[in-house]
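Below you'll find the structure, written out as structure tokens, and then a few comments.
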Amino acid sequence: MTRIDRRLDPGAELSETDALALDTALLNELEPEAARLYDRHAKVAQEWFPHEYIPYRLGRDFDKEPWTPDQPRLTGVAQTAFEIGLLTEDNLPSYHRLIHGMFGKGDGAWINWVGRWTAEEGRHAIVLRDYLTVTRNIDPVLLERGRMTQLQQGYDHDAPNTLRGLAYVAFQELATRISHRNTGRYSDDPVADRIMVRIAADENLHMVFYRDILGAALKIQPSAAVRAIVDEILAFEMPGAAIPGFLRKAAQIAKAGIYDLRVHRDEVLLPIIRHWRLFELEGLDAAAEEARRRLAEHLEALDVAARRFEERLAGAPVARLGRAD
Ligand SMILES: [Fe+2]
Ligand SMILES: [Fe+2]
């Protein structure tokens with residue numbers, strides 16, 4: 001049995017060296033497509049400057065006028081969603097380490113993408129922190145302590161192979177795009193909304209890169225890719241677990257309709273699954289067929305859970321975000 005045959009056989013045990021060699025082989029095979037997608041990205045991605053989005057005229061010195069809880073214009077869940085959004089973006093050093101570990105091979109398109117992606121992501125925390133600090137919409141001490149806690153803990157995502165890693169980042173980028181965009185809409189602040197529209201456009205292009213490179217992988221190793229995608233969907237978690245009070249805050253964000261099960265299923269999972277035509281692929285092995293069956297069940301269960309959640313909230317005194325146009 002060759003190494004490739006063993007990858008295609010889901011029951012085969014792989015040594016760590018063999019698994020690494022397989023991942024390198026797949027990345028090499030995908031490299032021309034990564035180069036094409038990188039060039040496409042570079043053509044459509046617009047340069048933008050965080051300082052152009054910040055209302056500096058509102059700034060005052062904190063030593064003369066310390067932050068007090070009556071200063072924010074944003075309140076309640078809008079504040080919480082911005083806090084989670086910024087602290088999540090703050091954790092870029094961990095994401096860079098992971099992305100570099102998974103895709104940072106060689107000296108060609110992959111490493112170029114890792115560098116470009118990291119540089120673009122860095123702008124997100126810059127613009128969000130500047131906005132929140134200048135407008136005094138969140139206590140800057142709370143933000144800095146949250147950042148310290150987050151970064152000291154770091155973030156890890158155990159992606160056992162390249163295909164799983166690609167599946168995770170494709171869904172993760174779209175989830176981030178939607179949650180940022182909805183946070184901006186929920187804020188009812190045109191300045192905040194403009195920032196979130198800008199960041200969401202970046203996240204969308206990141207998603208498109210990962211979605212399309214995994215689309216190419218689906219053509220090379222369809223069964224292994226399907227299994228990886230399903231495994232990632234079943235295990236999916238947002239990367240904010242180290243943020244102080246994350247579960248409680250995520251629950252508030254869900255109740256507000258910024259990011260809930262309905263959004264996750266209908267606006268994150270389904271569009272990408274449909275784009276790949278996952279349920280229409282033919283010639284899959286038995287394990288991939290079984291994975292697809294589990295995925296169908298999972299989507300059905302998410303639908304039921306989302307409906308129950310919406311029914312429970314109907315009539316509750318919670319301001320919920322309407323669907324985007
Ligand atoms: Fe980002
Ligand atoms: Fe992104």
Side-chain angles (χ1 to χ4, degrees), residues 34 37-38 40-51 53-54 81-104 110-132 143 146-147 150-151 154-155 157 159 165-185 187 192-214 232 236-243 246 250 253 258-259 263-264 267-269 271-272 275:
L37 294 173
Y38 178 91
R40 184 181 74 177
H41 176 88
K43 275 197 197 96
V44 295
Q46 290 166 340
E47 186 183 38
W48 63 278
F49 299 95
H51 72 272
Y53 288 74
I54 310 299
F82 269 93
E83 179 196 341
I84 296 289
L86 171 54
L87 291 179
T88 303
E89 295 285 353
D90 269 334
N91 227 351
L92 182 58
S94 279
Y95 312 143
H96 173 76
R97 173 174 49 75
L98 288 168
I99 296 285
H100 190 279
M102 288 191 291
F103 314 131
W110 279 112
I111 197 76
N112 289 342
W113 169 255
V114 170
R116 173 75 187 229
W117 174 88
T118 305
E120 290 184 1
E121 285 292 346
R123 281 205 283 245
H124 300 166
I126 293 171
V127 73
L128 284 171
R129 178 164 280 94
D130 287 357
Y131 163 75
L132 293 170
L143 279 184
R147 193 190 66 81
Q150 266 268 93
L151 268 80
Y155 171 74
H157 178 78
L166 287 173
Y168 179 72
V169 289
F171 291 116
Q172 168 55 36
E173 292 284 359
L174 185 52
T176 313
R177 168 194 163 193
I178 305 273
S179 62
H180 281 327
R181 182 71 194 88
N182 284 349
T183 297
R185 290 172 57 223
S187 73
D193 192 47
R194 183 167 171 253
I195 290 170
M196 289 318 217
V197 166
R198 184 54 263 182
I199 298 178
D202 281 5
E203 311 295 22
N204 191 50
L205 290 184
H206 298 161
M207 177 276 287
V208 164
F209 177 93
Y210 291 125
R211 181 198 67 191
D212 290 354
I213 196 84
L214 189 42
E232 280 306 312
F236 189 84
E237 262 183 2
M238 291 292 262
I243 295 172
F246 179 72
I253 287 168
I258 294 171
Y259 199 93
V263 170
H264 182 62
E267 297 179 44
V268 174
L269 300 182
I272 301 186
H275 187 89

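This chain uses plain numbering: 1 for the first residue, then up along the sequence. Counting convention: from 1, in listed order, for ligands and their atoms alike.
- The Fe ion (ligand 1) sits nearest to atom OE2 when only the N, O or S atoms of Glu203 are considered.
- No option in Thr176, Val268, Leu174, Asp202 other than Leu174 meets the side-chain contact (heavy atoms from CB on, under 4.5 Å) test with Met207.
- The distance from the Fe ion (ligand 1) to the nearest N/O/S atom of Glu121 is under 2.8 Å.
- At least one N, O or S atom of Glu173 sits under 2.8 Å from the Fe ion (ligand 2).
- Using bins of under 30°, 30° to 60° and over 60° for the plane-to-plane angle, the ring pair Phe82/Tyr131 lands in the tilted bin.
- Using a 4.5 Å heavy-atom threshold, the side chains of Tyr38 and Trp110 count as separate.
- With respect to the Fe ion (ligand 2), His206 has ND1 as its nearest N, O or S atom.
- Test Trp113, Trp117, Phe209, Tyr210 against His41 for ring-ring contact (aromatic ring centres under 6.0 Å, His included) and you get one pass: Trp113.
- Checking His180 against the Fe ion (ligand 1), every N/O/S atom stays at or beyond the 2.8 Å cut-off.
- At a threshold of 4.0 Å, the pair Glu173-Arg177 does not count as salt-bridged, since none of the basic side-chain nitrogens sits closer than that to a carboxylate oxygen.
- When the N, O or S atoms of His124 are ranked by distance to the Fe ion (ligand 1), ND1 comes first.
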